[in-house]
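Throughout, numbering of the chain's residues begins at 1 and tracks the sequence. Order of listing sets the numbers, starting from 1, for every ligand and every atom in it. For the numbers below, each heavy atom of this structure counts, side chains included, while hydrogens, waters and symmetry mates do not.
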Amino acid sequence: MSAPGNRLKILMCTSEALPWAKTGGLADTVSSLSLALAKSGHELTIVMPRYYGIDRGKLKKLEGAMGVPVGGGEEWSAVYTTVLPGGKEKNPVRVYFIDHEGFFGREGIYGNPATPDYPDNPRRFAFFCRSCFQLCRKIGWYPDVIHAHDWPASLAPVFLKYGEKYGISSEEESFVNTVSVLTIHNLGYQGIYSKDAFFNTNLGWDVFYQAGFDDWEMMNFLKAGITTADRLNTVSPNYARETLTQAQGFRLDAKLRARGEDYSGILNGIDETQWNPRTDKYLPAPFDEKDLGGKALAKRTLQRTFKLHETPSVPVIGMVTRLTDQKGIGELFGPAYGSAWSICRDMNVQFVFLGSGDAWAENEIRSLASRLSNFKAHIGYSEELSHLIEGGADFFLMPSRYEPCGLNQMYSLAYGTLPIVRNTGGLADTVQNYNQETGEGTGFLFDDLNPSAIYNTVGWAVWAWYNKREQIEEMRLRGMKQDFSWTKSARQYTKLYRAALGKSPGPR
Ligand code: ADP
């Protein structure tokens with residue numbers, strides 16, 4: 001039964017959520033969006049696996065075990081629960097963890113460094129998606145909307161449409177009025193596996209084709225989700241448009257085009273409890289657009305931390321990223337051709353890098369740091385340093401090949417750090433290009449991804465720093481005044497849920 005009034009019951013089906021499990025922006029989005037939706041009055045429940053690293057001692061165990069049908073029989077799991085930190089006591093976001101030692105009691109979410117994609121992932125995530133339905137039965141709570149995120153949750157819309165929706169006990173207690181929404185956080189990851197693993201879904205071969213699992217000789221989880229979810233979206237309007245093209249559609253552009261109006265883009269917000277220069281606990285002093293004194297101090301602290309000359313007049317370029325091809329790291333750090341070397345050699349700048357990922361890039365970055373006195377790097381993951389870089393740098397570089405939304409450029413804008421970004425995906429939606437005639441803009445954009453385009457655009461920003469300083473200062477303030485709150489995005493998601501509910505055909 002629906003929640004009273006305009007209040008929707010929403011179940012987030014996800015493989016990642018902060019503060020428990022994160023490999024990328026998906027984790028930030030699920031938690032922040034859930035909090036924003038709950039704040040606006042909706043009833044929110046998150047379901048995710050209990051991975052090995054999530055301490056059971058801090059969670060409450062539900063009574064009894066839960067049986068979950070999965071290919072070849074049934075698997076049993078325990079269920080743990082807690083509430084999402086940061087929510088309101090009156091309307092908390094409930095979180096349920098599906099606990100199965102065999103599937104999730106291991107290091108890594110999707111794999112580990114030796115095996116980046118676990119071979120039993122189709123079984124692990126088929127089990128997980130089915131367990132979302134079993135959980136609702138167990139707690140006697142049936143959502144209006146199942147909101148699935150990325151390929152690991154893509155079977156939830158499929159299970160809803162092919163089986164769960166019509167497995168009626170009574171209309172009050174069933175999924176008969178439930179609809180599904182699928183959010184694509186990154187089209188580059190689709191969950192493609194051998195067809196042999198399809199039996200794990202407990203679905204028939206007719207559904208394999210009807211639900212769109214077929215992908216040449218393989219089985220594609222995300223494609224099935226795209227085919228069956230009542231509504232689809234991705235995390236920025238521009239990325240939604242780009243993914244409809246062959247160039248950026250990762251072979252699913254035709255599938256997305258076929259969904260027409262059902263597919264849209266909603267820009268992510270940023271978590272302002274974590275990313276706000278007025279309250280950031282990692283900064284040496286708070287600052288805002290009225291008083292940038294704290295930013296100057298953050299710059300000095302950043303320079304000291306990375307053992308750079310503490311010179312206010314030299315611009316600091318920051319970068320925080322996963323080292324993967326998606327982020328343009330070949331063009332920036334490729335040995336012998338990447339532009340980072342010549343930027344640091346030719347320009348009067350300081351460059352600070354934080355990140356980890358592909359081994360070749362980590363090695364090259366270490367090598368650059370040993371050869372260039374104005375290039376410093378920390379290889380690894382550090383929440384604290386990422387805040388200090390956003391706060392203390394003057395420019396922030398993101399030469400992404402593609403970027404569904406991107407969070408760092410929004411953090412940068414909020415912290416008065418001017419983004420230098422490729423004109424793609426969510427970067428194009430959030431950064432306005434500098435106009436040196438009028439001084440308009442909030443950052444620096446370039447179209448082509450190649451080493452000289454990065455070099456030239458960084459050069460342009462550095463030129464403006466030394467020659468158009470007033471415009472740079474005005475741009476900082478303009479960026480800091482922008483609204484990237486989740487409230488706006490949550491309103492758009494509510495509209496999307498209602499559109500899905502309006503469209504649902506109801507019982508067959
Ligand atoms: P993606 O999800 O593709 O990695 P986003 O920009 O959407 O890119 O989100 C990346 C998030 O991960 C940001 O919050 C960023 O600050 C954080 N991040 C990435 N690498 C690191 C790192 N080495 N240390 C700290 N935070 C990091």
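In this structure, Trp360 has its ring center at least 6.0 angstrom away from the ring center of Phe333. In this structure, Tyr411 has its ring center no closer than 6.0 Å to that of His387.
What sits closest to atom 23 (N) of ligand 1 on the protein, heavy atoms only, is Gly380 O, 2.8 Å. Protein heavy atom in closest approach to atom 2 (O) of ligand 1: Gly25 N, 2.7 Å. When hydrogens are left out, the protein atom nearest atom 27 (C) of ligand 1 is Tyr381 CE1, 3.3 Å; that is the closest non-hydrogen contact.
Within the 4.0 Å heavy-atom shell around ligand 1 one does not find Pro404. Judged by the shortest distance from any of its heavy atoms, Cys405 lies outside the 4.0 Å radius around the atoms of ligand 1. The closest approach between any non-hydrogen atom of His378 and ligand 1 is not below 4.0 Å.
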After noting the C-alpha distance and the side-chain angles of Phe353 and His378, does the key distance pass the ring pair (Phe, Tyr, Trp, His ring centres under 6.0 Å) rule?
CA-CA 6 Å; Phe353 177 87; His378 178 93; 9.7 Å; no
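Across the listed options Arg322, Glu390, Met319, Arg322 owns the non-hydrogen atom lying nearest to atom 4 (O) of ligand 1. Heavy-atom proximity to atom 20 (N) of ligand 1, evaluated over Thr321, Ile270, Leu407, is greatest for Thr321. Nearest-residue assignment for atom 3 (O) of ligand 1 (options Glu403, Glu383, Lys327; heavy-atom criterion): Lys327.
Looking at Met398 next to ligand 1, no N or O pair under 3.5 Å apart turns up. Inclusion of Val320 in the set of residues having an N or O under 3.5 Å from an N or O of ligand 1 is not warranted. In terms of N/O distances under 3.5 Å, ligand 1 is approached by Ser382.
Residues that satisfy the salt bridge (charged side-chain N to carboxylate O under 4.0 Å, His left out) test with Glu331, not counting sequence neighbours, are Arg401.
Every atom of ligand 1 with a heavy atom of Gly24 under 4.0 Å away is listed here by number and element: 2 (O). Proximity to Tyr411 (heavy-atom distance under 4.0 Å) selects the following atoms of ligand 1: 14 (O). Listed by number with element, the atoms of ligand 1 under 4.0 Å from a non-hydrogen atom of Lys22 are 11 (C), 12 (O), 14 (O). Atoms of ligand 1 lying under 4.0 Å from any heavy atom of Gly355, numbered from 1 in the order shown and given with element: 23 (N). Heavy-atom proximity to Leu354, at under 4.0 Å, picks out these atoms of ligand 1: 23 (N), 24 (N). Taking a cut-off of under 4.0 Å to the non-hydrogen atoms of Asn408, the atoms of ligand 1 that pass are 6 (O), 13 (C), 15 (C), 16 (O).
Between Trp460 and Phe444, the two ring planes are perpendicular [angle over 60°; tilted spans 30° to 60°]. Relative ring orientation between Trp151 and Phe221 is described as perpendicular, the plane-to-plane angle rising above 60° on a 0-90° scale split at 30° and 60°. Using a 30° and 60° split on the angle between ring planes, Phe351 and Phe375 fall in the tilted class, from 30° to 60°. Classification of the His100-Phe104 ring pair by plane angle, with boundaries at 30° and 60°, yields perpendicular. Note: Phe125 and Phe128 have perpendicular aromatic rings, judged against thresholds of 30 and 60 degrees for the angle between ring planes.
For the ring pair (Phe, Tyr, Trp, His ring centres under 6.0 Å) with Trp20, the lone residue among Tyr51, Phe97, Tyr96, Tyr52 that qualifies is Phe97.
A salt bridge does not link Glu390 with Lys299: every distance from a Lys NZ or Arg NE/NH1/NH2 to an Asp or Glu carboxylate oxygen is 4.0 Å or more.
Neither the backbone nor the side chain of His185 comes within 4.0 Å of ligand 1, counting heavy atoms alone.
Applying the salt bridge (Lys or Arg N to Asp or Glu O under 4.0 Å) definition to pairs two or more places apart or across chains, none involves residues 408-418.
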